[in-house]
Amino acid sequence: QQQVKQSPQSLIVQKGGISIINCAYENTAFDYFPWYQQFPGKGPALLIAIRPDVSEKKEGRFTISFNKSAKQFSLHIMDSQPGDSATYFCAADFYEKLTFGTGTRLTIIP
Amino acid sequence: KAGVTQTPRYLIKTRGQQVTLSCSPISGHRSVSWYQQTPGQGLQFLFEYFSETQRNKGNFPGRFSGRQFSNSRSEMNVSTLELGDSALYLCASSFSTDSYGYTFGSGTRLTVV
């Protein structure tokens, strides 16, 4: 019940396009849903996060959509840029413990 | 302001040895968590400390232990190393008593040979 499922495993998007990564969870006790971006050789960096009482949150080019009834949430990256090429992890928090998805390797091509 | 500092960055150990990894959180942060990252298992929670108390522990064997000092610095120890312990060990710190806004360090890359 602690699993967070993430898809796709890898994603190639053209520069200027929209990148979409999806996650699903099972444990309804999760109360915080962050997305992390990780570059090679670095630790994950918090990108954007949402709580389950909100259906959407937007910060710049990054948007989280949250569907509580379906237990799903997604990350949308608008106007994707080559600098966005990285691995993205969704996560869900319960009692100061983050459960991570398996990651999506995003590549933005010119 | 300085980020989360983990030392050493790289470490090579032999099976059966023990290792201690160090984490200095962002100044003022009192919560420190440790995660293991491997290609096969992804990012997995090890444990979390707040004000020197372990509040939460993941599903790892007792060979994995940690502690937090009064200045919030934390160490984790792995005894009797196994090849499968090879991983990137990440430390994350937060100001408050929840995971909101955890900042991760760059990690310690442990290789067990």
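Naming: A, B, ... by sequence-line order, numbering from 1 per chain.
Judged by distance alone, the side chain of B:Asn56 and the main-chain N or O of A:Glu96 form no donor-acceptor pair under 3.5 Å.
Within a 6.0 Å radius of NZ in A:Lys5, other residues, nucleotides and ligands contribute 12 heavy atoms or fewer. For B:Ile12, the CD1 atom is loosely surrounded, since the number of other residues' heavy atoms within 6.0 Å does not exceed 12. More than 12 heavy atoms of other shown residues, nucleotides or ligands fall within 6.0 angstrom of atom CZ in A:Arg61.
Between B:Leu43 and A:Phe89, some side-chain heavy-atom pair lies under the 4.5 Å cut-off. Using a 4.5 Å heavy-atom threshold, the side chains of B:Glu48 and A:Lys97 count as separate.
Of the residues considered (A:Gly103, A:Ala45, A:Gly41), A:Gly41 shows the highest number of contacts with chain B, using heavy-atom pairs under 4.5 Å.
With rounding to the nearest 0.5 Å, the separation of OH in A:Tyr36 from OH in B:Tyr102 is 9.0 Å. To the nearest 0.5 Å, atom OG1 of residue A:Thr87 and atom CD of residue B:Gln37 are 8.5 Å apart. Put simply, CD on A:Gln38 and CG on B:Leu88 are 7.0 Å apart, with the number rounded to the nearest 0.5 Å.
Residue A:Pro34: no heavy atom, backbone or side chain, is found under 4.5 Å from chain B. Looking at B:Arg109, neither its backbone nor its side chain comes within 4.5 Å of chain A, counting heavy atoms on both sides.
By the rule that hydrophobic residues join a cluster once side-chain heavy atoms approach within less than 4.5 Å of another member, B:Met76 and B:Val32 end up as members of one cluster. Both B:Phe104 and B:Phe45 are assigned to one and the same hydrophobic cluster, defined by single-linkage of ILVMFWY side chains at heavy-atom distances under 4.5 Å. In the hydrophobic clustering of this structure, A:Ile64 groups with A:Val13; members are Ile, Leu, Val, Met, Phe, Trp, Tyr whose side-chain heavy atoms approach within less than 4.5 Å, directly or through other members. No continuous path of ILVMFWY side-chain contacts below 4.5 Å connects B:Tyr89 to B:Val113, so the two sit in separate hydrophobic clusters. One hydrophobic cluster, built from ILVMFWY side chains closer than 4.5 Å, holds both A:Leu75 and A:Ile50.
Less than 6.0 angstrom separates the ring centroid of B:Tyr35 from the ring centroid of A:Phe100.
Among all heavy-atom pairs drawn from A:Gly43 and B:Leu90, the shortest one is CA-CD2, 3.9 Å.
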